[in-house]
Amino acid sequence: MDLKNLIREVPDFPTKGIGFKDITTLLKDHQALRYTSSRIVEQFRDKKITKVLGIESRGFILGGVLAFELNAGFVPVRKKGKLPAEKIAQTYHLEYGTDAIEIHRDALSPDDVVLIHDDLLATGGTTNAVLNLVKKVGVSSIYLSFICDLGFIQNPSKQSLQAYNPHILVTY
Ligand code: AMP
């Protein structure tokens, strides 16, 4: 199945010059949704994943499916100020200014095998922030999964993610 054809490209969204990869056109197609999640599940079925971390907000959609299919728990990684209980935070740099993501302090434990999932990898800034968050807790091992990678964006911190051998279905 050609997933690239199923992902809509919206020019100049949310700002001029950004080519937005809109996965809603893939998600609404029941065969594509099943195919996409099956491909990722296949890759991680034997990894004994205990927790899937979905990154807000598009990482929540398949993240929940993956957790269910891998018989793992689901942990939401949320933007600052959304989680109700005691949490740990990690700030990261955006093009202009900084942002922060959070997980609940009791969301992970040292024996967890973690799969971090998001819809898309661009600069790698968000994923590196999640990695830092997870490392603050300390877990047994970490895997990475994305539907898409903007391969034309390269930088040293994105390069460092190669150590985790990220699983990617569509490269631009
Ligand atoms: P980054 O931190 O630069 O790797 O950006 C990844 C995050 O931003 C992901 O959560 C994506 O959903 C979102 N994102 C960045 N660029 C795009 C894009 N061109 N199309 C869709 N989502 C994007």
Side-chain angles (χ1 to χ4, degrees), residues 1-29 32-33 35-37 39-40 43-44 49 51-67 74-83 87-104 107-108 114-136 142-172:
M1 192 175 280
D2 185 357
L3 294 181
K4 208 179 248 185
N5 265 339
L6 288 156
I7 297 168
R8 173 164 51 198
E9 296 203 40
V10 184
D12 300 322
F13 183 88
T15 53
K16 198 159 175 55
I18 301 291
F20 192 84
K21 311 299 182 212
D22 175 18
I23 60 161
T24 65
T25 42
L26 182 158
L27 296 172
K28 73 171 180 179
D29 179 324
L33 176 59
Y35 174 79
T36 305
S37 50
R39 288 274 307 273
I40 305 173
Q43 180 69 22
F44 294 102
I49 306 288
K51 301 267 169 62
V52 176
L53 269 64
I55 304 178
E56 185 170 354
S57 58
R58 287 182 295 277
F60 290 173
I61 303 162
L62 275 188
V65 175
L66 298 177
F74 178 79
V75 172
V77 180
R78 300 220 58 181
K79 305 264 167 67
K80 192 178 166 62
K82 304 279 188 185
L83 290 171
K87 56 224 164 194
I88 48 176
Q90 177 69 46
T91 54
Y92 61 105
H93 294 285
L94 298 171
E95 203 174 351
Y96 302 109
T98 61
D99 209 344
I101 48 166
E102 298 178 332
I103 58 171
H104 276 140
L108 297 172
V114 164
L115 174 62
I116 298 170
H117 173 79
D118 203 359
D119 65 328
L120 184 139
L121 179 63
T123 65
T126 311
T127 304
N128 269 301
V130 178
L131 279 171
N132 286 335
L133 207 50
V134 170
K135 286 178 195 163
K136 278 181 189 172
I142 304 173
Y143 296 93
L144 300 179
S145 147
F146 304 91
I147 302 172
C148 321
D149 173 29
L150 302 186
F152 53 86
I153 301 178
Q154 290 300 336
N155 62 58
S157 78
K158 183 172 183 177
Q159 203 55 39
S160 71
L161 299 177
Q162 288 308 317
Y164 296 89
N165 193 20
H167 181 248
I168 288 151
L169 291 172
V170 180
T171 301
Y172 290 90

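Counting from 1, the numbers follow the sequence of the chain as shown. Scope of the values below: all heavy atoms of this structure, side chains included, with no hydrogens, waters or symmetry mates. Counting starts at 1 for both ligands and their atoms, in listed order.
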Would you mind reporting whether [Y] and [X] have side-chain heavy atoms less than 4.5 Å apart?
| X | Y | answer |
| --- | --- | --- |
| Asp119 | Lys21 | no |
| His117 | Ile147 | yes |
| Gln90 | Val130 | no |

Lys79 side chain to Asp99 main-chain N or O, any donor-acceptor pair under 3.5 Å? no
Hey, is the main chain of Ser157 close enough, under 3.5 Å, to the side chain of Asn128 for a donor-acceptor pair?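 Yes, Asn128 side chain to Ser157 backbone: donor-acceptor pair under 3.5 Å.
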I need the atoms of ligand 1 closer than 4.0 Å to a non-hydrogen atom of Thr123, numbered in the order shown.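 Numbered from 1, ligand 1 contributes 1 (P), 2 (O), 3 (O), 4 (O).
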Which of the numbered atoms in ligand 1 are below 4.0 angstrom from a heavy atom of Thr126?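 What qualifies from ligand 1 is 1 (P), 2 (O), 5 (O), 6 (C), 7 (C).
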With a heavy-atom distance limit of 4.0 Å, tell me whether [X] approaches ligand 1 through its side chain, its backbone, both, or neither.
| X | value |
| --- | --- |
| Leu150 | side chain |
| Leu120 | both |
| Asp119 | side chain |

Please list the nearest protein heavy atom to [atom] with its residue and the distance rounded to 0.1 Å.
| atom | value |
| --- | --- |
| atom 13 (C) of ligand 1 | Arg58 NH2, 3.7 Å |
| atom 21 (C) of ligand 1 | Phe20 CE1, 3.4 Å |
| atom 9 (C) of ligand 1 | Asp118 OD2, 3.2 Å |
| atom 20 (N) of ligand 1 | Lys21 N, 3.0 Å |

Would a 4.0 Å cut-off, counted as strictly less than, catch a protein heavy atom around atom 4 (O) of ligand 1?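 Flag for atom 4 (O) of ligand 1 set to true, protein heavy atom closer than 4.0 Å.
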Result of checking Leu83, Val134, Thr126, Ile101 against Val77 for side-chain contact (heavy atoms from CB on, under 4.5 Å): Ile101
I need the minimum non-hydrogen distance between Leu6 and Ala32, along with the two atoms involved. CD1-CB, 3.7 Å
Heavy-atom pair with the smallest gap, counting every atom of Asp118 and Gly59: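 Asp118 and Gly59 have their closest heavy atoms at OD1-N, 3.5 Å.
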With respect to [X], determine whether any N or O atom, backbone or side chain, lies less than 3.5 Å from an N or O atom of ligand 1.
| X | answer |
| --- | --- |
| Thr127 | no |
| Gly124 | yes |
| Gly19 | yes |
| Glu56 | no |

When rounded to the nearest 0.5 Å, the distance separating OH of Tyr143 from CD of Gln43 is 10.0 Å
